[in-house]
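Report on one structure; see the data block that follows.
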Amino acid sequence: MNTCTRPARLPTSPRQLVRRLAISGVGVAAMLAACSAPESTQETRDELARTLIEQKKTTEDGTSTATTVDGYKVDLAKRISQVNFTSVYVERPQALLRSVIVIKYIVDGDGNLVKSEILRSNRDKHAEASALGSLKTAAPFPKPPPALLKQGRIELSESWLFNNDGRFQLRSVALAQMDR
């Protein structure tokens with residue numbers, strides 16, 4: 001099913017916005033907890049990462065159940081968005097984006113981020129650092145299915161779409177951009 005062909009409807013009430021956030025997997029509880037949460041540590045990020053991996057459709061050993069590269073890419077985009085939810089724009093991106101950063105990255109058979117590099121940028125150093133940082137913060141990822149691996153790795157690319165306020169969406173899971 002291609003969800004890109006359906007026009008996105010904006011929430012018209014706070015209740016609809018909360019429902020949409022809950023459905024999209026952003027996690028309303030996590031957003032509310034962030035309002036009073038102490039500064040994030042590597043230990044708390046690792047615990048959050050383990051919890052999010054367990055929420056994903058994975059086998060007992062943490063392998064993604066995606067059957068295609070695009071399916072695995074969507075799993076990773078959701079994970080990156082969830083781990084970095086304070087930096088993610090949850091509504092439709094503005095018509096003229098501040099920046100689009102495309103990153104190529106490699107994940108090994110255990111879900112570890114092996115390498116990442118910027119393929120496309122408008123040289124917005126803050127957006128580049130934010131995109132690379134959000135990718136690294138979200139690792140480790142669910143293990144890729146063995147059928148998707150080539151030489152024990154999988155190579156992916158993703159586009160970070162930045163609004164003027166510095167928040168982003170990932171193209172694999174982004175809402176349709178505004179017309180104006």
Side-chain angles (χ1 to χ4, degrees), residues 1-6 21-27 30 40-90 93 97 99-122 124-125 127-162 167-177:
M1 180 171 113
N2 185 354
T3 57
C4 294
T5 58
R6 286 186 286 143
L21 290 174
I23 291 170
S24 70
V26 172
S40 176
T41 65
Q42 184 63 45
E43 183 178 338
T44 58
R45 286 193 302 271
D46 288 347
E47 182 60 34
L48 176 61
R50 280 190 286 285
T51 302
L52 291 171
I53 286 175
E54 291 169 6
Q55 291 176 3
K56 295 286 175 222
K57 295 177 184 174
T58 61
T59 62
E60 286 186 18
D61 71 347
T63 301
S64 171
T65 58
T67 57
T68 64
V69 172
D70 285 340
Y72 184 64
K73 187 174 165 180
V74 167
D75 285 350
L76 298 190
K78 286 179 180 177
R79 174 165 169 68
I80 293 165
S81 295
Q82 288 173 329
V83 171
N84 297 282
F85 68 89
T86 58
S87 300
V88 173
Y89 196 76
V90 295
L97 295 168
S99 187
V100 176
I101 307 294
V102 180
I103 297 178
K104 178 176 79 171
Y105 59 101
I106 298 172
V107 176
D108 70 13
D110 291 325
N112 297 309
L113 181 63
V114 175
K115 181 181 177 183
S116 59
E117 65 178 305
I118 295 174
L119 293 181
R120 177 182 168 211
S121 174
N122 64 345
D124 179 335
K125 296 300 179 193
E128 288 176 358
S130 179
L132 287 169
S134 67
L135 179 66
K136 290 174 183 173
T137 299
F141 301 109
K143 296 176 186 176
L148 301 180
L149 297 175
K150 292 181 181 167
Q151 298 178 344
R153 300 173 164 193
I154 184 169
E155 185 176 303
L156 305 159
S157 63
E158 182 62 78
S159 299
W160 274 251
L161 312 173
F162 284 89
R167 292 180 295 161
F168 65 85
Q169 284 188 6
L170 298 170
R171 186 174 305 271
S172 296
V173 293
L175 298 173
Q177 244 177 298

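- By the 4.5 Å heavy-atom criterion applied to side chains, W160 and L97 are not counted as neighbours.
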Show the atom names and distances, to 0.1 Å, of all donor-acceptor pairs under 3.5 Å that link a side chain in residues 167-175 to residues at least two apart or in another chain.
| unit_1 | atom_1 | unit_2 | atom_2 | d |
| --- | --- | --- | --- | --- |
| R167 | NE | D165 | OD2 | 2.7 |
| R167 | NH2 | D165 | OD2 | 2.7 |
| Q169 | OE1 | L175 | N | 3.0 |
| Q169 | NE2 | Y89 | O | 2.6 |
| Q169 | NE2 | E91 | O | 2.5 |
| S172 | OG | E158 | OE1 | 2.6 |
| S172 | OG | E158 | OE2 | 3.3 |

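- Counting heavy atoms from C-beta outward, L76 and S64 have side chains that stay 4.5 Å or more apart.
- Partners of T67 under the side chain to side chain contact (heavy atoms under 4.5 Å, CB included) rule, at least two apart in sequence or in another chain, do not exist in this structure.
- Y105 is listed as a side-chain neighbour of L135, based on a closest heavy-atom distance under 4.5 Å.
- L132 places a side-chain heavy atom less than 4.5 Å from the side chain of S116.
- Among residues two or more places apart in sequence or in another chain, the side chain to side chain contact (heavy atoms under 4.5 Å, CB included) test is passed with L149 by P144, I154.
- Closest approach of S130 and F162 over heavy atoms only: OG-CE2, 3.7 Å.
- Here the side chain of R79 pairs a donor or acceptor atom with the backbone of A138 at under 3.5 angstrom.
- Residue I80 holds its CD1 atom at 10.5 Å from NZ of K73, rounded to the nearest 0.5 Å.
- With sequence neighbours excluded, no residue forms a side-chain hydrogen bond (donor to acceptor under 3.5 Å, both in side chains) with S159.
- Between the N84 side chain and the S134 main chain, a donor and an acceptor come within less than 3.5 Å of each other.
- Here E117 pairs with K104 under the side-chain hydrogen bond (donor to acceptor under 3.5 Å, both in side chains) rule; sequence neighbours left out.
- Checked against side-chain hydrogen bond (donor to acceptor under 3.5 Å, both in side chains), N112 has the following partners two or more places apart in sequence or in another chain: D108.
- The two residues D124 and S121 have their closest heavy-atom pair at N-OG, 3.9 Å.
- Residues P146 and T63 share a closest heavy-atom pair of CD-CG2, 4.2 Å.
- Smallest separation of non-hydrogen atoms from G71 and A66: C-CB, 3.6 Å.
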**OP:** Under the side chain to side chain contact (heavy atoms under 4.5 Å, CB included) rule, what do V90 and F85 come out as? Steps first, then yes or no, please.
**Re:** CA-CA 9 Å; V90 295; F85 68 89; over 6 Å; no
